[in-house]
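Remarks on the structure that follows.
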Amino acid sequence: MLVLLAGIFVVHIATVVMLFVSTIANVWMAGTFAMETNSTGLWLKCIAGKCSQIAFTEGDMPSLKAVQAFMILAIIFSFVSLVMFVVQLFTMEKGKRFYITGATMLICWLFILIAVSIYTARFPHYFTAPQDHHGYSFILAWICFCFTFIIGILYLVLRKK
């Protein structure tokens with residue numbers, strides 16, 4: 001049981017780091033433009049190593065702000081869940097379950113789902129060239145989506161021994 005809890009803790013730390021990288025890195029979409037590599041993230045658009053503000057239409061900017069907000073909330077809740085796990089590990093009685101940790105991790109999972117779903121629904125039509133594809137930040141966000149769900153369920157099921 002101790003090895004399982006240690007494994008979940010390591011995966012949880014890795015998930016927090018991947019969420020942070022996914023939110024900060026400007027590679028949610030990538031491709032080439034005028035024979036130069038380009039990438040677009042949640043914050044900046046970079047062409048040939050020079051970054052500038054993202055230029056989406058006025059109607060899509062609130063959606064981008066929502067994606068940014070939900071990804072930041074996901075990072076915060078994932079970190080809070082990690083702290084709650086450590087607190088519960090040292091203060092909780094034996095035989096009890098990690099309900100608070102699991103619940104905050106599932107809220108994090110919901111925030112990632114909302115953010116990535118909004119980005120998937122609203123922004124791919126800006127990237128229609130044959131070379132354009134989803135970047136590693138977008139893929140990391142989906143991997144974190146899977147990890148947070150699995151970890152959240154495991155926290156709800158596991159008991160402290």
Side-chain angles (χ1 to χ4, degrees), residues 1-31 39-46 54 56 59-127 132-161:
M1 181 61 84
L2 185 61
V3 173
L4 183 61
L5 283 175
I8 292 171
F9 184 70
V10 168
V11 172
H12 194 151
I13 291 173
T15 302
V16 171
V17 170
M18 287 189 300
L19 266 174
F20 195 72
V21 169
S22 173
T23 303
I24 289 178
N26 289 312
V27 193
W28 278 60
M29 294 296 288
S39 63
T40 302
L42 299 181
W43 312 100
L44 298 171
K45 178 178 184 143
C46 300
I54 296 175
F56 291 135
D60 282 336
M61 287 310 284
S63 298
L64 181 64
K65 297 294 183 192
V67 173
Q68 292 170 346
F70 279 114
M71 287 303 289
I72 290 170
L73 283 171
I75 292 170
I76 291 169
F77 271 81
S78 183
F79 184 75
V80 166
S81 180
L82 188 66
V83 170
M84 289 307 302
F85 173 71
V86 172
V87 168
Q88 284 184 321
L89 190 62
F90 291 110
T91 61
M92 194 168 55
E93 297 175 12
K94 288 186 178 185
K96 301 281 183 172
R97 295 182 191 251
F98 297 95
Y99 287 125
I100 295 172
T101 304
T104 55
M105 201 62 178
L106 289 177
I107 291 170
C108 172
W109 168 76
L110 182 65
F111 288 156
I112 296 170
L113 174 65
I114 292 169
V116 177
S117 297
I118 291 171
Y119 193 87
T120 303
R122 297 294 296 218
F123 298 107
H125 67 275
Y126 288 102
F127 309 97
D132 290 344
H133 59 279
H134 291 289
Y136 72 86
S137 297
F138 183 78
I139 294 166
L140 272 179
W142 277 113
I143 291 170
C144 291
F145 167 77
C146 297
F147 281 176
T148 54
F149 181 72
I150 292 167
I151 293 169
I153 296 299
L154 286 176
Y155 279 142
L156 290 176
V157 171
L158 288 178
R159 293 178 185 267
K160 182 180 176 187
K161 293 281 180 173

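It should be emphasised that the depicted structure is a prediction, and the values quoted were computed from it without experimental measurement.
Relative ring orientation between Trp109 and Phe149 is described as tilted, the plane-to-plane angle lying within the 30° to 60° band. Classified by interplanar angle (parallel below 30°, tilted 30° to 60°, perpendicular above 60°), the ring pair Phe138/His134 is parallel.
In this structure, Ser117 and Leu113 approach most closely via the heavy-atom pair OG-O, 2.7 Å. Across all non-hydrogen atoms, the minimal contact from Leu140 to Ser22 is CB-CB, 4.0 Å. Across all their heavy atoms, Ala74 and Leu19 have their closest contact at O-CD1, 3.9 Å. When all heavy atoms are compared, the tightest approach of Tyr155 to Phe85 is CE2-CD1, 3.4 Å. When all heavy atoms of Val87 and Thr91 are compared, the pair lying nearest together is O-OG1, 2.7 Å.
One finds the CG atom of Leu110 at 10.5 Å from the CG atom of Leu73 (value rounded to the nearest 0.5 Å). In this structure, CZ in Phe79 is found 9.5 Å from NE2 in His12, a value given to the nearest 0.5 Å. Here the SG-CE distance, from Cys108 to Met71, works out to 8.5 Å after rounding to the nearest 0.5 Å. Between the CE atom of Met105 and the CD1 atom of Ile8 there is a distance of 10.5 Å, given to the nearest 0.5 Å. For the atom pair Leu82 CG and Ser78 OG, the distance stands at 7.0 Å (nearest 0.5 Å). In this structure, the separation between OG1 on Thr101 and CE on Met92 is 7.0 Å, given to the nearest 0.5 Å.
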Q: For the pair Val116 and Ile112, evaluate side chain to side chain contact (heavy atoms under 4.5 Å, CB included) and give the outcome as yes or no after the intermediate values.
A: CA-CA 6 Å; Val116 177; Ile112 296 170; 4.1 Å; yes
Q: Check the pair Phe111 / Ile72 against side chain to side chain contact (heavy atoms under 4.5 Å, CB included), numbers first and verdict last.
A: CA-CA 9 Å; Phe111 288 156; Ile72 290 170; over 6 Å; no
Q: Let me see the working for Phe98 and Leu154 under side chain to side chain contact (heavy atoms under 4.5 Å, CB included), right down to the final yes or no.
A: CA-CA 9 Å; Phe98 297 95; Leu154 286 176; over 6 Å; no
Q: Begin from the C-alpha positions of Ile153 and Leu106 and carry the test side chain to side chain contact (heavy atoms under 4.5 Å, CB included) through to its verdict.
A: CA-CA 8 Å; Ile153 296 299; Leu106 289 177; 4.3 Å; yes
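For the ring pair (Phe, Tyr, Trp, His ring centres under 6.0 Å) criterion with Trp28, the lone passing option out of Tyr119, Phe123, Trp43 is Tyr119.
Within a 6.0 Å radius of CD1 in Ile100, no more than 12 heavy atoms belonging to other residues, nucleotides or ligands are found. Enclosure of atom CZ in Phe56 by more than 12 non-hydrogen atoms of other residues, nucleotides or ligands within 6.0 angstrom is indicated.
Using modelled atom types, no side-chain atom of Ser137 and backbone atom of Asn26 make a donor-acceptor pair closer than 3.5 Å. Under a 3.5 Å cut-off, the side chain of Thr148 and the backbone N or O of Cys144 do form a donor-acceptor pair. Side-chain atoms of Ser81 do not come within 3.5 Å of backbone N or O of Phe77 as any donor-acceptor pair.
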